[in-house]
Chemist: 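Here's a structure for you.
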Amino acid sequence: MLTACLLRLIISHHPLCSLPATQTFPWTFRSRGLSSMDPLNPSSEVPPPTAAECGGAAAAAEEEEEEEKTPPIGLLPGETVVKEGKAAILFPSANEVFYNPVQEFNRDLTCAVLTEYAREVLAQRGVKLVLPGETERVVVSLSEEEEADAQTDEKNGEETPMETATVGVKCERGLRVLEGLSASGLRSVRFALEVPGLKSVTANDFSSKAAALISRNAEYNGVQHLLSASCRDASMLMYEMRGRKDRYDVIDLDPYGSPSAFLDAAVQSVGEGGLLCVTCTDMAVMAGNNTETCYSKYGSVSIKAKYCHEMALRIILHSVDQRAGVYQRYIKPLLCVSVDFYIRVFLRVFTGQVTVKNSVSKQALVYNCVGCGSFHLQRMGRRTTNGKNMKYSSATGPPVGPHCDICGQRHQLGGPIWAEPIHDVDFVQKVLFTVSTNPSRYGTAKRIEGMLSMVTEELEDVPLYYTVDSLSSTIHCNTPPLLQFRSALLHAGHRVSLSHACKNGIKTSAPPADIWDIMRCWEKSNPVKREKLSETSPAFKILSTEPSLEACFTVREDANPQSRKRHLTRFQENPQAFWGPKARAKSGGGLATSLNDKRKRCQNKRKNQITDFGDLKNFHCKKFKLGKCTNGEKCCYSHNLEPTKEEKME
C-alpha cells in the first residue's frame with residue numbers, strides 16, 4: 001500500500017507524466033505480492049491517492065524499507081523457517097538436509113572466534129571492524145615492528161587512514177571463508193550477517209539438494225553479494241585452492257562424524273596464519289571405545305579413561321599437526337573445547353621448516369594404570385638449546401615400570417597426543433571480553449562466558465586431569481568436597497585448576513604419589529572397612545602404604561575459582577528432550593522405520609520400570625540359555641527359546 005502510494009506521488013510530479021495516455025512506460029514495477037511471472041496490466045487505471053493514504057507514508061517509511069531487505073521468497077511445501085542469531089533459514093521438514101539445533105553453541109562460539117580473529121588479522125591490513133552494539137573496541141597488541149612504525153608515524157604527524165568494515169558489507173581487503181560441509185548453509189549465512197570484514201563466504205556441500213537450499217537461503221537473507229553456494233566434493237575443492245594466492249583465510253569443517261578425510265586438504269588450502277575450525281562428533285572412537293579405528297583415522301590410540309574428552313582434543317591436534325608437518329607447516333591452537341557430545345578446535349596454520357622440527361617434542365605417549373587411573377606422559381623427542389643452536393634427539397624412557405608403583409596393576413599405552421597447551425589464553429580473553437560486553441549478539445552468550453572463563457583458569461602446561469569421584473571410587477571411600485581436595489593440593493605446594501571438559505575434573509601439577517597420599521589422609525578421617533577389601537585389589541595395595549605427607553583439608557580462599565564463585569553457566573542442563581547427535585541426512589528424506597522403532601524402545605527406560613513381575617515372562621532367562629538355571633518352572637523369566645515381541649522388533 002505504501003509503495004504504491006509513493007510511486008503514484010512520484011509519477012504525478014515526473015515530467016514523463018505528460019506523455020500521451022496511449023504511450024506506456026519503458027519500465028514496470030513489481031510489488032512484494034507478485035511473483036516474477038505475474039503479468040502487469042498497463043492499461044488499468046490507478047485511482048489517485050487520498051490524503052489519508054499518504055498521511056502515514058512518512059511514519060511507516062523506515063518499517064517498509066526494513067521489510068524489503070528480505071527478498072520475497074515463498075516457502076515450498078513442507079518447509080519451515082528456522083531462526084538463529086541474525087539468520088532465518090528455510091528448512092525442509094524431511095531429513096534431506098542435516099540440522100541440529102543443539103549445536104547453536106557451536107555456531108555462536110565460531111562467530112565470536114571468527115570476529116576476533118578478523119579483528120586481529122585485518123588490523124594489520126589497515127581495516128577496522130565496527131560491530132553493532134559494541135561500545136569499546138578491544139585493543140589488539142601490536143608486534144615490536146608495528147609498534148615502532150606506529151611511533152614513527154606519530155612523530156611525523158602522519159595518521160594511516162583505516163578502512164571501516166561492517167557486518168553484511170563486502171570488504172575488498174577482508175577474509176575469504178570456506179565452509180566445506182555446509183548442509184543448510186546456516187553457519188555461512190550467520191557469518192555473512194554477523195561477522196564484519198568478510199570478502200567472500202563459500203558454502204559447499206556435496207548434496208545437490210543442500211546446495212540448492214543454500215542458494216535459496218542466501219537470497220532469503222539478502223547476502224548473495226557475500227555468500228556463494230558450491231556443490232563439490234569438499235576435499236577436491238580444497239585441493240584445487242592450494243596455490244598461495246588461492247588459499248582461504250578461514251576454513252570451517254563440521255562433518256557428520258569424523259573429519260579425518262578432509263584434514264590433509266584443509267592444511268594445504270588454508271592461508272599463512274589462516275584459521276582452521278574443526279568439529280569431531282565421533283566421540284565413541286576418540287574416547288576409547290574403538291582404539292583400532294581411532295588409530296586408523298587419527299594415527300593415535302585412544303584410552304577409555306576419565307580424561308578421555310581432553311585426550312580426544314589432543315588426539316585431533318596431533319592428527320592435524322602431523323598432516324601439516326608433511327608440507328612443512330605447523331599449528332598454533334587458539335581455543336579447543338569439549339562440549340556436549342562433540343569437540344571443537346580452533347587453530348592457526350603457519351609455514352616454517354625450522355619450527356616444524358619442534359613437532360616431535362610436542363607429542364607424547366600416555367601410560368595409564370588400569371587399577372588406580374594414574375597416568376604418566378612420555379615425550380616423543382627431546383629438544384635442547386645450545387647457544388643459538390637447537391639440538392634434537394630421541395627421548396629416553398619409559399617413565400614407568402611394567403607395573404604401577406601405586407597399586408601394582410599393569411599400564412595401558414595410548415597416544416601419541418598433543419602435549420603442548422591447547423589454548424591461547426590472550427586470544428581467549430579477547431573473545432571473552434567481546435562476548436561479555438555485547439551479549440545480545442549471541443543466544444548462548446551466558447554459556448560462552450562461563451566456558452571461556454573456565455578455559456582461562458585452566459593450567460596451560462598440565463595435560464589431562466583426574467576426577468575426584470574416580471579417586472574415591474578406587475579406594476571405596478566417601479568423596480571429599482571439591483574445595484577441600486583442591487585446598488589440600490594447594491597446601492602441599494602444587495598448582496591446581498578445574499577443567500572445562502569435566503564438571504569434577506582436577507588438573508594439577510602434583511605427581512600421582514602426592515595425589516594418593518592426600519587420598520590416604522582423607523581415608524583416615526573417613527575410614528573404609530578394610531577387612532572387606534580383596535588383597536589383590538588396588539584399594540588394598542594403596543591403603544597398605546602409609547602417606548609420606550600430612551594433608552591439610554582446611555579450605556583456602558584461592559581454592560574456589562572465580563568462574564565458580566560467580567556461578568557462571570559452565571555446564572548446561574539438557575537443552576531439550578532426546579537431545580544429542582541427530583540422524584544422518586538421507587537423500588529421500590525421513591528416518592528409517594527401524595531407527596524410529598529403536599528410539600521408542602530405548603528412550604525413557606528408567607521412567608518405565610517393570611513393577612509387575614509377571615511381565616518378566618516376556619524376557620528370556622539368560623541362565624537357561626547357558627544351561628545353568630536351576631529354578632525350573634519357578635523361574636520368573638521365560639524358558640521359551642522362541643523370540644519375544646521385543647526381539648522381533650529388533
Side-chain angles (χ1 to χ4, degrees), residues 62-63 65-67 69-70 81-89 99-120 122-123 127-140 164-169 171 174-175 177 184-198 201 217 220-223 226-227 250 252 277 334-335 337 339-340 344 346 427-456 500 562-563 566-573 575-576:
E62 296 181 359
E63 181 179 354
E65 290 178 359
E66 292 182 0
E67 290 180 358
K69 288 182 180 179
T70 303
V81 178
V82 177
K83 294 185 178 180
E84 182 180 299
K86 302 295 183 182
I89 300 298
Y99 168 68
N100 192 348
V102 177
Q103 289 207 22
E104 180 183 1
F105 175 82
N106 185 343
R107 292 181 283 268
D108 284 351
L109 182 62
T110 303
C111 289
V113 171
L114 181 55
T115 300
E116 196 56 42
Y117 170 77
R119 193 195 303 274
E120 287 192 1
L122 296 185
V127 179
K128 175 185 176 182
L129 300 191
V130 177
L131 295 174
E134 187 175 79
T135 56
E136 295 186 37
R137 185 177 64 88
V138 178
V139 179
V140 180
T164 302
T166 57
V167 294
V169 179
C171 179
L175 304 179
V177 182
S184 63
L186 171 58
R187 191 186 303 259
S188 295
V189 171
R190 290 195 59 183
F191 288 166
L193 291 174
E194 301 178 24
V195 180
L198 301 183
V201 179
N217 283 327
Y220 187 78
N221 289 271
V223 292
L226 281 176
L227 176 59
V250 180
D252 191 302
C277 316
L334 296 181
L335 174 64
V337 292
V339 185
D340 298 333
R344 180 73 165 168
F346 302 90
F427 179 83
V428 175
Q429 288 176 343
K430 295 175 184 178
V431 178
L432 177 59
F433 176 80
T434 304
V435 174
S436 59
T437 54
N438 194 6
S440 60
R441 295 187 64 216
Y442 308 106
T444 60
K446 289 185 178 180
R447 192 183 180 192
I448 293 177
E449 184 179 357
M451 177 70 75
L452 297 186
S453 297
M454 289 197 69
V455 166
T456 58
H500 80 277
Q562 289 296 322
S563 61
R566 296 167 55 191
H567 302 286
L568 298 179
T569 305
R570 301 173 298 168
F571 304 95
Q572 70 168 4
E573 298 179 356
Q576 61 186 31

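We count residues from 1, following the sequence as given. As a basis for the values below, the full set of heavy atoms in this structure was taken, side chains included, without hydrogen atoms, waters or symmetry mates.
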Chemist: Go through the structure and list residues passing side-chain contact (heavy atoms from CB on, under 4.5 Å) with K86, not counting sequence neighbours.
Modeler: L193, E194
Chemist: Which residues pass the side-chain contact (heavy atoms from CB on, under 4.5 Å) test with V130, not counting sequence neighbours?
Modeler: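 Partners of V130 under the side-chain contact (heavy atoms from CB on, under 4.5 Å) test: T164, T166.
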Chemist: Report the distance from atom OG1 of T110 to atom CZ of F105, rounding to the nearest 0.5 Å.
Modeler: 9.5 Å
Chemist: What distance do L109 atom CG and Q103 atom CD have between them, rounded to the nearest 0.5 Å?
Modeler: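 Reported value, rounded in 0.5 Å steps: 11.5 Å.
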Chemist: Test of understanding: with side-chain contact (heavy atoms from CB on, under 4.5 Å), list the residues that count as partners of A88, not counting sequence neighbours.
Modeler: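 With sequence neighbours excluded, A88 shows a side-chain contact (heavy atoms from CB on, under 4.5 Å) to V81, K83, Y220, N221, given in chain and number order.
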Chemist: Would you call V455 and V337 a side-chain contact if the rule is heavy atoms closer than 4.5 Å?
Modeler: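 V455 reaches V337 side chain to side chain.
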Chemist: Just how far is it from atom CG of L198 to atom SG of C171, taken to the nearest 0.5 Å?
Modeler: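 Atom-to-atom, L198:CG and C171:SG are 8.5 Å apart.
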Chemist: Compare every heavy atom of A192 with every heavy atom of L226, then report the nearest pair and how far apart it is.
Modeler: CD1-O, 3.8 Å
Chemist: What is the minimum heavy-atom distance between G450 and L568, and which atoms define it?
Modeler: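 Minimum heavy-atom contact is CA-CB, 3.8 Å.
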Chemist: First locate atom CD of Q429, then atom OG1 of T434, and finally report the distance between them rounded to the nearest 0.5 Å.
Modeler: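 Here the interatomic distance stands at 11.5 Å.
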Chemist: Please walk me through it: do R107 and E104 pass salt bridge (Lys or Arg N to Asp or Glu O under 4.0 Å)?
Modeler: CA-CA 5 Å; R107 292 181 283 268; E104 180 183 1; over 6 Å; no
Chemist: Side chain to side chain contact (heavy atoms under 4.5 Å, CB included) for I89 and E84? Distances and angles first, verdict last.
Modeler: CA-CA 8 Å; I89 300 298; E84 182 180 299; over 6 Å; no
Chemist: Report the C-alpha distance between S453 and Q562 in whole Å, list the side-chain angles of each, state the deciding distance to 0.1 Å, and finish with yes or no for side chain to side chain contact (heavy atoms under 4.5 Å, CB included).
Modeler: CA-CA 8 Å; S453 297; Q562 289 296 322; over 6 Å; no
Chemist: side-chain hydrogen bond (donor to acceptor under 3.5 Å, both in side chains) with T456: which residues, sequence neighbours excluded?
Modeler: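 Per chain and number, T456 pairs via side-chain hydrogen bond (donor to acceptor under 3.5 Å, both in side chains) with no residue.
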Chemist: When rounded to the nearest 0.5 angstrom, what is the spacing between CG in L452 and CZ in R447?
Modeler: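 Atom-to-atom, L452:CG and R447:CZ are 11.0 Å apart.
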Chemist: Where is the tightest heavy-atom contact between L122 and L129, given as atom of each residue plus distance?
Modeler: CD1-CD2, 3.7 Å
Chemist: Suppose we screen for side-chain hydrogen bond (donor to acceptor under 3.5 Å, both in side chains). Which residues come up paired with D108, at least two apart in sequence or across chains?
Modeler: R190, T444
Chemist: Looking at OG of S188 and CG of L227, how far apart are the two atoms once the value is rounded to the nearest 0.5 Å?
Modeler: 5.5 Å
Chemist: Could you tell me whether a side-chain N or O of N438 sits under 3.5 Å from a main-chain N or O of P132, the two making a donor and an acceptor?
Modeler: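 Yes, the answer is positive, given that a donor and an acceptor are paired below the 3.5 Å cut-off.
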Chemist: Considering all heavy atoms of both residues, which atom of P196 and which atom of A118 are nearest to each other, and what is their separation?
Modeler: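 For P196 and A118, the tightest heavy-atom pair comes out as O-CB, 4.1 Å.
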Chemist: Mind checking what makes side-chain contact (heavy atoms from CB on, under 4.5 Å) contact with L114, not counting sequence neighbours?
Modeler: Y117, L175, F191, V195, V250, L275
Chemist: Looking only at heavy atoms, what is the nearest atom pair of L131 and R119, with distance?
Modeler: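 What the structure gives for the nearest pair is CD1-NH2, 3.4 Å.
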Chemist: Can you tell me if N217 uses its side chain to pair, donor with acceptor, with the backbone of V189 under 3.5 Å?
Modeler: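 Side chain of N217 to backbone of V189, a donor-acceptor pair under 3.5 Å: no, none is there.
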Chemist: Suppose we screen for side-chain hydrogen bond (donor to acceptor under 3.5 Å, both in side chains). Which residues come up paired with E449, at least two apart in sequence or across chains?
Modeler: R566
Chemist: Dump the intermediate steps for side chain to side chain contact (heavy atoms under 4.5 Å, CB included) on F433 and E116, then the final yes or no.
Modeler: CA-CA 10 Å; F433 176 80; E116 196 56 42; over 6 Å; no
Chemist: For R187, what residues pass the salt bridge (Lys or Arg N to Asp or Glu O under 4.0 Å) criterion, not counting sequence neighbours?
Modeler: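 With sequence neighbours excluded, R187 shows a salt bridge (Lys or Arg N to Asp or Glu O under 4.0 Å) to E179, D252, D254, given in chain and number order.
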Chemist: For A112 and Y442, work out which heavy atoms get closest and say how close.
Modeler: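 Taking every non-hydrogen atom into account, CA-OH, 3.4 Å.
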Chemist: Decide yes or no on side chain to side chain contact (heavy atoms under 4.5 Å, CB included) for T569 and M451, but give the supporting numbers first.
Modeler: CA-CA 7 Å; T569 305; M451 177 70 75; over 6 Å; no
